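Written below as structure tokens is the structure these notes are about.
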Amino acid sequence: LSCCEEQGSPACSKAPQVGRVRVQLEMQALWQQFDQLGTEMIVTKAGRRMFPTFQVGISGMDPSAEYVLLMDFIPVDDKRYRYAFRSSSWLVAGRADISAPGRMHFHPDSPGRGAQWMKQTVSFDALKLTNNLLDDNGHMILNSMHRYQPRFHVIYVDPAPNSHLHAQRNFCSFSFPETQFIAVTAYQNHRITQLKIASNPFAKGTQGFYLWWI
């Protein structure tokens, strides 16, 4: 279970509607399998869905309060990588490219009441990754051959008229180290390709279709 990352001060200095929120990463064992190999996620001009899909279970919300859920992606470091096929490993290839302005992906069911979010798995299956700096579809813009950390954010929709004065108290952020990945335009590690094909429930057709979808 992941707790609010800002936790450290008494009561997390957060509103009670978010200070008690706990988030469980779904398919954690699968994420860990990918992480052990060095997870890769395809980025394309048109946008590509993530696999594994980022899914979480949430507890500790106020059932009657409203929340907005969203995700973003931050660079893990300031480096660019390349894959060394002889050693089957990722190596630092230089300084990172300039990043596009950060974007947020709002869950399409936002805002929703705590009772709604907690009763089922929250899935970000509509989220797509792109390397198109001019993308106007709202996809998450990432640089290929760079390492990223997905982050999940819970925002309490405070009905108080002056809520903007203490906005910092009304959200919590969560991240899971095993969901880090390197963005690629084509899979570099053949073991990642094999694991994606073997574990993708939608991979029912030809291998060419597998690789197109995942």
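Just the heavy atoms: all of them, side chains too, but no hydrogens, waters or symmetry mates, feed the values below. Fair warning: this is a prediction, and the values are worked out from it, not measured in the lab.
Here the closest non-hydrogen pair linking D35 and E178 is CB-O, 3.7 Å. In plain terms, the two heavy atoms of F106 and V68 that are nearest each other are CD2-CG1, 3.5 Å. F171 approaches A167 most closely through the heavy-atom pair CD2-O, 3.7 Å. The two residues C172 and K14 have their closest heavy-atom pair at SG-CG, 3.8 Å. Minimum heavy-atom separation, T53 to M27: O-CE, 3.4 Å.
At a threshold of 4.5 Å between non-hydrogen side-chain atoms, the residues H146 and S99 do not count as touching. Counting heavy atoms from C-beta on, the side chains of V92 and D77 never come closer than 4.5 Å. Contact check for Q55 versus V122: no side-chain heavy atoms found under the 4.5 Å cut-off. Contact check for F54 versus T179: side-chain heavy atoms found under the 4.5 Å cut-off. Using a 4.5 Å heavy-atom threshold, the side chains of S173 and F152 count as separate. Taking the side chain as every heavy atom from C-beta outward, N137 and K128 never approach each other to under 4.5 Å. Between P16 and R169, the closest side-chain pair of non-hydrogen atoms falls below 4.5 Å. Looking only at side-chain heavy atoms (C-beta outward), I141 and L133 come within less than 4.5 Å of each other.
The backbone N or O of A93 sits nowhere less than 3.5 Å from a side-chain atom of K79 that would complete a donor-acceptor pair. No donor-acceptor distance shorter than 3.5 angstrom exists from the side chain of T130 to the backbone of M140, with no hydrogens or angles considered. Judged by distance alone, with hydrogens and angles left aside, the side-chain atoms of S175 form no donor-acceptor pair with the main-chain N or O of R151 at under 3.5 Å. At least one donor-acceptor pair under 3.5 Å links the side chain of H107 to the backbone N or O of S123. Looking at Y187, its side chain never comes within 3.5 Å of a backbone N or O of Q194 through a donor-acceptor pair. Although no hydrogens or angles enter the test, the distance criterion places no donor-acceptor pair under 3.5 Å between the side chain of N131 and the main chain of L142. One N or O on the side chain of Y67 and one on the backbone of Q17 form a donor-acceptor pair closer than 3.5 Å. Remark: side-chain polar atoms of N170 are not paired, donor with acceptor, to backbone N or O of A15 under 3.5 angstrom. In terms of modelled atom types and a separation under 3.5 Å, the side chain of E66 and the main chain of S64 share no donor-acceptor contact.
R103 has a carboxylate O that lies under 4.0 Å from a charged side-chain N of D135, or vice versa, which qualifies the two as a salt bridge. Salt bridge annotation for R49-D125: absent, with no cationic side-chain nitrogen under 4.0 angstrom from a carboxylate oxygen.
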Side chain to side chain contact (heavy atoms under 4.5 Å, CB included) between F34 and K196, intermediate numbers included: CA-CA 9 Å; F34 278 105; K196 294 225 180 191; 3.4 Å; yes
Evaluation steps, side-chain hydrogen bond (donor to acceptor under 3.5 Å, both in side chains), between T39 and Q180: CA-CA 7 Å; T39 308; Q180 289 184 14; over 6 Å; no
Q24 vs F174, side chain to side chain contact (heavy atoms under 4.5 Å, CB included): CA-CA, chis, key distance, verdict: CA-CA 10 Å; Q24 171 73 50; F174 306 83; over 6 Å; no
Derivation of the side chain to side chain contact (heavy atoms under 4.5 Å, CB included) call for V154 and W117: CA-CA 11 Å; V154 175; W117 295 121; over 6 Å; no
Audit row: T185, T44, side chain to side chain contact (heavy atoms under 4.5 Å, CB included) steps and yes/no: CA-CA 6 Å; T185 55; T44 65; over 6 Å; no
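D97 contributes atom CG, which lies 5.0 Å from atom CZ of R80 (distance to the nearest 0.5 angstrom). Atoms CZ and CZ, on F181 and F73 in that order, are 5.0 Å from each other to the nearest 0.5 Å. Note that CZ of F85 and OH of Y83 are 7.0 Å apart. Values are rounded to the nearest 0.5 Å. Distance check: R82 CZ to S89 OG gives 8.5 Å after rounding to the nearest 0.5 Å. Rounding to the nearest 0.5 Å gives a distance of 12.5 Å between CG of L37 and CD of Q32. How far NZ of K119 is from CZ of R113: 12.5 Å, rounded to the nearest 0.5 Å.
Other residues, nucleotides and ligands contribute only 12 or fewer heavy atoms inside 6.0 Å of the CZ atom of R20. By the neighbour-count criterion of 12 heavy atoms within 6.0 Å, atom CG of L91 is densely surrounded, having more than that number from other residues, nucleotides or ligands.
In the hydrophobic clustering of this structure, F176 does not group with V76; members are Ile, Leu, Val, Met, Phe, Trp, Tyr whose side-chain heavy atoms approach within less than 4.5 Å, directly or through other members. Clustering ILVMFWY residues whenever any of their side-chain heavy atoms sit less than 4.5 angstrom apart, transitively, puts I74 in a cluster other than the one holding V56.
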